[in-house]
Amino acid sequence: MKKPEIKKAAVLGGGMIGSSWATNFLWKGVPVHIYDISDEALQTARGRIVGNMKYLVGKGILTADKMNVALGLAKYTTDIGEALNGVQFIQESVLEHYDVKQALLAEVDKYAATDTIYASSTSGLLITEIAKDAKHPERCIGAHPYNPPHLIPLVEINKGEKTAEETVERTYAFYKSIGKEPIILRKEALGFIANRLAMGIYREAVDLVMRGVCSVEDVDKAVCFGPGLRYALMGPNLIYQLGGGPHGIQGLLKHVGPSIELWWGDMAVWKKWPPGWAETAQEGVNEEIANRAPEQGRSNEEITRWRDDGLIEILKFLKKI
Ligand SMILES: NC(=O)c1ccc[n+]([C@@H]2O[C@H](COP(=O)([O-])OP(=O)(O)OC[C@H]3O[C@@H](n4cnc5c(N)ncnc54)[C@H](O)[C@@H]3O)[C@@H](O)[C@H]2O)c1
């Protein structure tokens with residue numbers, strides 16, 4: 001029998017990611033039940049969702065009328081049974097711990113229809129482990145967004161050992177229908193794709209600072225005024241295709257590949273954070289923030305606004321907003 005379409009969703013956990021997901025669903029016309037553990041947490045979630053929507057209106061992406069319709073599609077509750085009633089899709093966005101997610105999934109098993117999809121926003125935990133005691137592991141899937149999900153299109157879909165192919169297809173189709181760019185991992189991998197790449201860069205960034213090659217501020221500048229500008233438009237393989245000129249990526253790798261192996265031999269391979277890094281990073285970031293042009297923001301809130309302004313310009317260029 002064909003499974004129902006996604007007509008209503010639940011977002012479990014209305015924190016930074018949950019409230020952004022809720023914004024995304026509501027903006028695209030999907031009614032959402034937002035569930036959290038306290039009224040205070042729901043108040044914060046509501047404030048964030050309304051703030052996100054007003055921001056989109058201010059940017060001319062949404063009309064005030066559409067915003068009001070979208071906000072009217074939201075229901076806030078601390079009652080899990082109410083949250084799961086009549087929904088076909090669950091975006092779980094609670095704390096990043098196996099035990100918290102597993103306990104919540106046990107509640108989902110009690111209250112959700114058996115064909116309701118449970119998609120976890122986990123940043124890198126394995127869905128097989130999250131769903132190990134689930135009554136319906138076939139409907140469980142990992143769906144990792146990038147912060148902020150209502151603006152960044154990527155969702156990494158990862159299936160567990162028992163995830164049904166139908167769950168993968170329905171999840172993919174749902175995200176596509178609301179304008180996301182989902183990719184499906186062919187097999188489970190801790191950290192998925194994008195965060196593994198990000199942490200590859202970050203491990204080297206940490207190492208460069210700890211070795212005394214550059215400051216925290218300069219490592220950030222090296223990323224955002226260099227490769228980061230291109231990464232918004234194309235991935236590393238396409239970048240190297242262009243770098244190889246008429247010879248393409250194959251020619252480039254044959255030409256400079258051997259010298260890159262020399263650097264690889266010198267690059268970071270450690271598996272543990274170097275002692276003192278968190279303090280060094282904070283001190284460096286404080287300096288970096290103090291050196292920012294005031295119009296680019298100095299507080300986390302101001303910098304977030306500045307970041308979102310920039311993201312919207314890039315997304316317009318990419319025709320993704
Ligand atoms: N922050 C990021 O950049 C980012 C990016 C991608 C994915 N994620 C993932 O998204 C998830 C949420 O992260 P976040 O940054 O939004 O965290 P957060 O701390 O901002 O929000 C977590 C929310 O979950 C609520 N919560 C905790 N236990 C709960 C329970 N049992 N039932 C319902 N609600 C509960 C909390 O009250 C809070 O509102 C995590 O799995 C995280 O790894 C985070």
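Index from 1, following the sequence. Both ligands and their constituent atoms are indexed starting at 1 by order of listing. These figures come from a predicted structure and were not determined experimentally.
Within the listing of ligand 1, atoms 6 (C), 7 (C) sit less than 4.0 angstrom from a heavy atom of His144. Heavy-atom proximity to Thr122, at under 4.0 Å, picks out these atoms of ligand 1: 41 (O). Near Gly13, meaning under 4.0 Å from any of its heavy atoms, are these atoms of ligand 1: 24 (O), 34 (N). Interface atoms of ligand 1 facing Ser121, defined by a heavy-atom separation under 4.0 Å, are 7 (C), 8 (N), 9 (C), 10 (O). The distance from ligand 1 to the heavy atoms of Tyr35 drops below 4.0 Å at these ligand atoms: 32 (N), 33 (C). In the vicinity of Asn147, heavy-atom distances shorter than 4.0 Å reach the ligand 1 atoms 3 (O).
Tyr76 has its side chain out of reach of Asp39: every pair of non-hydrogen atoms, C-beta onward, lies at least 4.5 Å apart. Between Ile312 and Lys316, some side-chain heavy-atom pair lies under the 4.5 Å cut-off.
Among Glu40, Arg48, Met16, the residue whose heavy atom lies closest to atom 20 (O) of ligand 1 is Met16. Around atom 34 (N) of ligand 1, the closest heavy atom drawn from Thr78, Ile80, Val94, Ile130 belongs to Val94. Atom 14 (P) of ligand 1 has its nearest heavy-atom neighbour, among Leu104, Ile17, Leu125, in Ile17.
From the protein, the heavy atom lying nearest to atom 41 (O) of ligand 1 is Glu96 OE1, 2.6 Å. Residue, atom and distance of the protein heavy atom nearest to atom 23 (C) of ligand 1 are Gly15 N, 3.7 Å. Scanning the protein heavy atoms around atom 30 (C) of ligand 1, the nearest turns out to be Ile37 CG2, 3.6 Å. Looking at atom 6 (C) of ligand 1, its nearest protein heavy atom turns out to be Pro145 O, 3.3 Å. Of all protein heavy atoms, the one lying nearest to atom 43 (O) of ligand 1 is Ser123 OG, 2.6 Å.
Between Phe192 and Tyr146, the distance from one ring center to the other does not fall under 6.0 angstrom.
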What verdict does the salt bridge (charged side-chain N to carboxylate O under 4.0 Å, His left out) test give for Glu302 and Arg305, after you've listed the backbone C-alpha separation in whole Å, the side-chain angles of each residue and the deciding distance to 0.1 Å? CA-CA 5 Å; Glu302 289 166 355; Arg305 173 63 63 99; over 6 Å; no
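By the 4.0 Å heavy-atom criterion, Leu95 is counted among the residues contacting ligand 1. The shortest separation from a heavy atom of Lys101 to ligand 1 is under 4.0 Å, placing the residue in contact.
In this structure, the side chain of Glu288 does not engage the main chain of Asp220 through any donor-acceptor pair within 3.5 Å. Although no hydrogens or angles enter the test, the distance criterion places a donor-acceptor pair under 3.5 Å between the side chain of Gln88 and the main chain of Gly86.
Under a 4.0 Å N-O distance rule, the pair Glu5/Arg170 does not qualify as a salt bridge.
By the definition of a contact as any protein heavy atom under 4.0 Å away, atom 17 (O) of ligand 1 is not in contact.
For CD of Glu204, the number of neighbouring non-hydrogen atoms (other residues, nucleotides, ligands) closer than 6.0 Å is greater than 12.
A side chain to side chain donor-acceptor pair (under 3.5 Å) with Tyr118 holds for exactly one of Arg139, Glu92, His136, Gln91; it is Glu92.
Annotation: Asp36 places an N or O atom under 3.5 Å from an N or O atom of ligand 1; distance criterion only.
The aromatic rings of His150 and Trp27 lie perpendicular to each other, with more than 60° between the two planes, well past the 30° mark.
Checking Asp309 against Tyr55 by side-chain atom types alone, a donor-acceptor pair falls below 3.5 Å.
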